[in-house]
Amino acid sequence: MNQYRLIFILFIGLITTTAFAQNKISGKLSDHETREVLPYATVRLLQQDSTFVAGMVTDSLGHYRISDIKNGDYLLYFSTIGYKPKVIQVSVRQDTNLPTVEMESDNVMFRRSNRNWKFFYTKERPFIDSAKQRTS
C-alpha cells in the first residue's frame, strides 16, 4: 500500500514540476544584408493573441535573453529604428536558443549633421495617386 502511495506522490510531483516549468529564449539579431549585429533593438514576447508577456532590449552585441517563460506557443516581435519589424512563432517546451534572426532595412536612414539628427529615404518611393489607387 505504501509503495502505491509513494508512486502516486512522485507522479503528482512530476506533473506539477512540468506544468510550472520556467524556460528561457535566447538568440541574436543581425542585418539581413550586411550580417552586422543590431544592438539595442526591442524584443517582445507575446502570446498568440498579441498579449504582452515579457520584453527586453538587445545588448551591444545584438544578443537577447528572456527568462522565466512558461511552456506554450508565443510570438517574438523584433523592432528597431531603420528596420522592418519582424515576427516569428516560437513553441517553448524547454530552454530555446534560436538561430540568428535577420532583419531587413526599412530604407530610412538617420545621419548626424552639425549636432542634429536628420533622416532620409535611401530608395525612391513610388508616387501613389489616391484618386486612382495606383502607383506610378
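L75 belongs to a hydrophobic cluster with L46, F52, Y77, V87, counting contacts under 4.5 Å between side-chain heavy atoms of Ile, Leu, Val, Met, Phe, Trp and Tyr, direct or through other members.
For the side chain to side chain donor-acceptor pair (under 3.5 Å) test, residues two or more places apart in sequence or in another chain that qualify with H32 are E102.
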Is there a side-chain contact (heavy atoms from CB on, under 4.5 Å) between L98 and Y64 once you walk through the steps? CA-CA 10 Å; L98 298 173; Y64 61 90; 3.5 Å; yes

Does I25 form a side-chain contact (heavy atoms from CB on, under 4.5 Å) with V92? I'd like the steps, not just the answer. CA-CA 8 Å; I25 297 175; V92 178; 3.6 Å; yes

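In plain terms, the two heavy atoms of P39 and S60 that are nearest each other are CB-O, 3.5 Å. Of all heavy-atom pairs between D73 and S91, the closest is OD1-OG, 2.9 Å. Closest approach of R93 and G72 over heavy atoms only: NH1-N, 3.1 Å. Minimum interatomic distance between K86 and V101 (heavy atoms only, all atoms of both residues): CD-CG1, 3.9 Å. Y74 and V53 make their closest contact through CE2-CG2, 4.0 Å (heavy atoms, listed as atom of the first residue, atom of the second, distance). Of all non-hydrogen atoms in V37 and K28, the two that sit nearest each other are CG1-CE, 3.2 Å.
Of the inter-residue distances, the one linking T100 atom OG1 with D31 atom CG reads 12.5 Å to the nearest 0.5 angstrom. The line from OG of S30 to CG of L61 is 12.5 Å long, rounded to the nearest 0.5 Å.
The 12-atom threshold is not exceeded at CD of Q94, counting heavy atoms of other residues, nucleotides or ligands nearer than 6.0 Å.
No donor-acceptor pair under 3.5 Å is formed between the side chain of D106 and the backbone N or O of K84. A donor-acceptor distance shorter than 3.5 angstrom exists from the side chain of T58 to the backbone of A41, with no hydrogens or angles considered.
Residue I66 is not grouped with residue V57 when hydrophobic side chains (ILVMFWY) are merged at heavy-atom distances under 4.5 angstrom, including chains of intermediate members. I88 and M103 fall within a single hydrophobic cluster, where Ile, Leu, Val, Met, Phe, Trp and Tyr side chains are chained together by heavy-atom contacts under 4.5 Å.
When side chains are defined from C-beta on, P85 does not count as touching F78, because their heavy atoms never get closer than 4.5 Å. In this structure, L76 and L45 have side chains that are in contact, with non-hydrogen atoms separated by less than 4.5 Å.
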